[in-house]
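Shown next, in structure tokens, is the structure this report addresses.
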Amino acid sequence: MVRLLYVMVAICMAPLSSMAQDEPSDFLSADFHKNRREAVRKMMPANSVAVFFANAVRNRANDVDYVYHQDPNFYYLTGYKEPNSVLLIFSEDQKDANGEVYNETLYVQERDPRAEQWNGKRLGIEGAKSKLGFKSVFNGSAFKQVAVDFQKFDKVLFFDFKNDYRDSRDGADLFDLIQTFKEKTNYPADYDGSKERFYSMITATDVENSANVAQVLGRYLNRDEKLQEDELLSGFVNAGDDKLRNEIKQKVSLKLDAHNLDSSTLGEIMATLRETKLEEEMALLKKAIEISAVGQVEVMKAMHPNMSETEIQGVHEYVYKKYGAEYEGYPSIVGGGNNGCILHYIENNKPQVGNDLVLMDLGAEYRGYTADVTRTIPANGKFTKEQKQIYDIVYEAQEAGIKASVVGAPFQAPGQAASKVVTEGLMKLGIIKKEEEARVYFPHGTSHYLGLDVHDAGTYRPFQENTVITVEPGIYIPEGSACDEKWWGIAVRIEDDILITKDGPVNLSAMAPRKAEDIEKVMKQPSPLDKFELPKLN
């Protein structure tokens, strides 16, 4: 009897064991996510609660949705990859009706055999406990009955809503969860996260700096008519002296004190935490970057003039999938010739790249972390004189930008160093006559943070150790530009992912050649795709 029971248990457990083995084993651990929640808790104001919502399910067309992608902050703190969920983190311990102590609660999608048959298994309450390490877990439907009194907290921290979610037939979908939150927090009908953020800036400003803050706010107001209509913001910007600004500051304080909602502090906390990477994160980010660099190398070997932009994109993304990367970190950019002059060109539909330069800005996302690597190569394997002249300027500009990426340097340092090289190079070639004209051909900055987002969260303070940034100078000379026609249609961007360390910058994507001569050498190598031919279609 005991033996029979053992066999039955083994049979029942076999599918679960098999399922566990079929999943990747290198996701971030439950301990990592718990550690991050503790870090958030330590940075929260006293007597506060932080509320995080999962990303919305977004419709692609008719009854087809886009592939779901979790909100990076939610994933960072939970490891939970499903929609329709809420995380509460409390600054101090709470007690439930039974006297049990808790300081966090996760609300998840309820298990549903029919829904799981169509769309995949859900973790449910028990899965969230066993796999993610949470102790206090409820189904999303229980959020309506939650006993938490949001009014008792000095601050309710949250990210304001973007209203890009739909109401489905599920009574515990994101729409209902947000509606419940709004009801329980007395969310004002006219609440505006942008205004609230600027109100907080005003109240945090001392008299000596009020004129400077007014100047910064003025730039935002000039771009947003809705902000201009706000009497307090426009009054602060246009005030003639510090006394008047101080009077407006007091009115702003009263307005903020009318509720306990705070949609700005949580962004600052998450930016600070996500800016510097922990060892577990770096392992995944490095892998995403290496995969992306290999993709660049394999395309260099496979490239020929008859390839289409779409085919080139496909080779990159095949390499990603071959290594197990779940997604692309952002829409792939493959621009041949003049298409490369469009900074975020994603159509990738040119039938043949011919003898043009091909700008390829792509990044694999691996276990949530995304790379961002750009190479520009000649489709026929050889740079022309003009192409190489422009390429070499961008290469030297990138070298200067990387060299400037050191601990303690201002965030603008790589861009300033690269811009100087580009400006001097364009003037030397006669493409521009005045330094200020360089912005026509180099219209963007060089750097952003990299991590769970391709443009990752960060504070933009002086560089910290274990921060990962991009350095990506470029020169773009579209057809019809005010220079010699021989330069028209040349677009070059070189982008690498740089780790800031105490010993200097480390190029994590160096596996993909950057020097023009090295690129030409790699392009002469055979490719596994050389003999890959498909039948012709009618």
Side-chain angles (χ1 to χ4, degrees), residues 40 42-53 73 89 91 149-164 178 181-275 410-412 445 449 455 457-462:
V40 169
K42 290 177 181 178
M43 296 176 69
M44 291 168 60
N47 192 34
S48 65
V49 55
V51 186
F52 296 84
F53 289 89
N73 286 322
I89 300 178
S91 57
D149 178 11
F150 287 101
Q151 304 306 317
K152 76 175 185 178
F153 295 100
D154 293 336
K155 290 291 181 182
V156 176
L157 313 178
F158 71 110
F159 289 94
D160 200 20
F161 310 107
K162 301 185 184 301
N163 299 323
D164 58 351
I178 289 175
F181 171 81
K182 289 182 175 180
E183 291 168 6
K184 290 181 176 291
T185 58
N186 294 326
Y187 183 92
D190 62 347
Y191 189 91
D192 186 319
S194 297
K195 290 183 181 179
E196 296 288 325
R197 185 167 66 253
F198 294 134
Y199 291 158
S200 296
M201 282 179 60
I202 291 173
T203 56
T205 302
D206 52 35
V207 176
E208 292 77 13
N209 291 319
S210 61
N212 293 331
V213 172
Q215 188 176 19
V216 172
L217 286 177
R219 297 194 197 107
Y220 286 99
L221 264 62
N222 288 336
R223 299 196 296 262
D224 191 331
E225 291 184 4
K226 189 176 180 182
L227 293 177
Q228 293 174 21
E229 295 171 359
D230 186 277
E231 293 182 2
L232 293 176
L233 293 179
S234 59
F236 188 83
V237 169
N238 298 318
D241 54 53
D242 289 342
K243 180 181 179 182
L244 184 54
R245 276 191 287 268
N246 196 49
E247 291 175 2
I248 295 172
K249 177 180 175 180
Q250 293 175 6
K251 293 179 181 179
V252 170
S253 296
L254 290 174
K255 189 173 182 67
L256 286 177
D257 289 342
H259 58 72
N260 64 351
L261 297 174
D262 181 339
S263 59
S264 58
T265 299
L266 207 51
E268 297 167 7
I269 291 174
M270 297 310 298
T272 301
L273 292 178
R274 286 174 55 186
E275 179 179 330
F411 194 88
Q412 299 78 14
Y449 296 110
H455 294 163
T459 63
Y460 296 92
R461 58 185 168 172

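Values reported hereafter were calculated over all heavy atoms of this structure, with side chains retained and with hydrogens, waters and symmetry mates removed. Positions are given from 1, in the same order as the sequence printed here. Predicted model, so just to flag it, every value in this text is computed and none were measured.
- Once rounded to the nearest 0.5 Å, the distance linking OG1 of Thr272 with CZ of Arg461 reads 5.5 Å.
- Considering only heavy atoms from C-beta on, Glu247 stays 4.5 Å or farther from Lys251 through its side chain.
- A donor-acceptor pair under 3.5 Å is formed between the side chain of Asn47 and the backbone N or O of Lys152.
- For the atom pair Arg197 CZ and Leu217 CG, the distance stands at 10.5 Å (nearest 0.5 Å).
- Residues His259 and Tyr191 form a side-chain contact, since some pair of their non-hydrogen atoms from C-beta on lies under 4.5 Å apart.
- Relative to the six-membered ring of Tyr220, Arg223 meets both conditions, a distance below 6.0 Å and an angle of at most 45° to the axis.
- Checking side-chain atoms of Glu229 against main-chain N and O of Ser234 turns up no donor-acceptor pair under 3.5 Å.
- Taking the centre of each ring, Tyr460 and Tyr449 come in below the 6.0 Å mark.
- The aromatic ring centres of Phe158 and Phe181 sit less than 6.0 Å apart.
- Remark: Ser210 pairs with Asp242, Arg245 by the side chain to side chain donor-acceptor pair (under 3.5 Å) rule, at least two apart or across chains.
- Under the salt bridge (Lys or Arg N to Asp or Glu O under 4.0 Å) criterion, no residue pair touches residues 154-163, with sequence neighbours excluded.
- Across all their heavy atoms, Met201 and Val216 have their closest contact at CE-CG1, 4.5 Å.
- Here the straight-line distance linking atom CG of Leu157 with atom CE of Met270 works out to 11.5 Å at 0.5 Å rounding.
- The two residues Glu196 and Leu256 have their closest heavy-atom pair at OE1-CD2, 3.1 Å.
- At least one side-chain heavy atom of Phe52 sits less than 4.5 Å from a side-chain heavy atom of Ile89.
- Not a single donor-acceptor pair under 3.5 Å links the side chain of Lys195 to the backbone N or O of Leu233.
- Separation of atoms CZ (Phe236) and OG1 (Thr205) is listed at 5.5 Å; rounding is to 0.5 Å.
- Panel note: side chain Ser91, backbone Ser48; a donor-acceptor pair is recorded below 3.5 Å.
- Side chain of Asp192 to main chain of Leu227: no donor-acceptor pair is present (N/O by atom type, distance under 3.5 Å, no hydrogens or angles).
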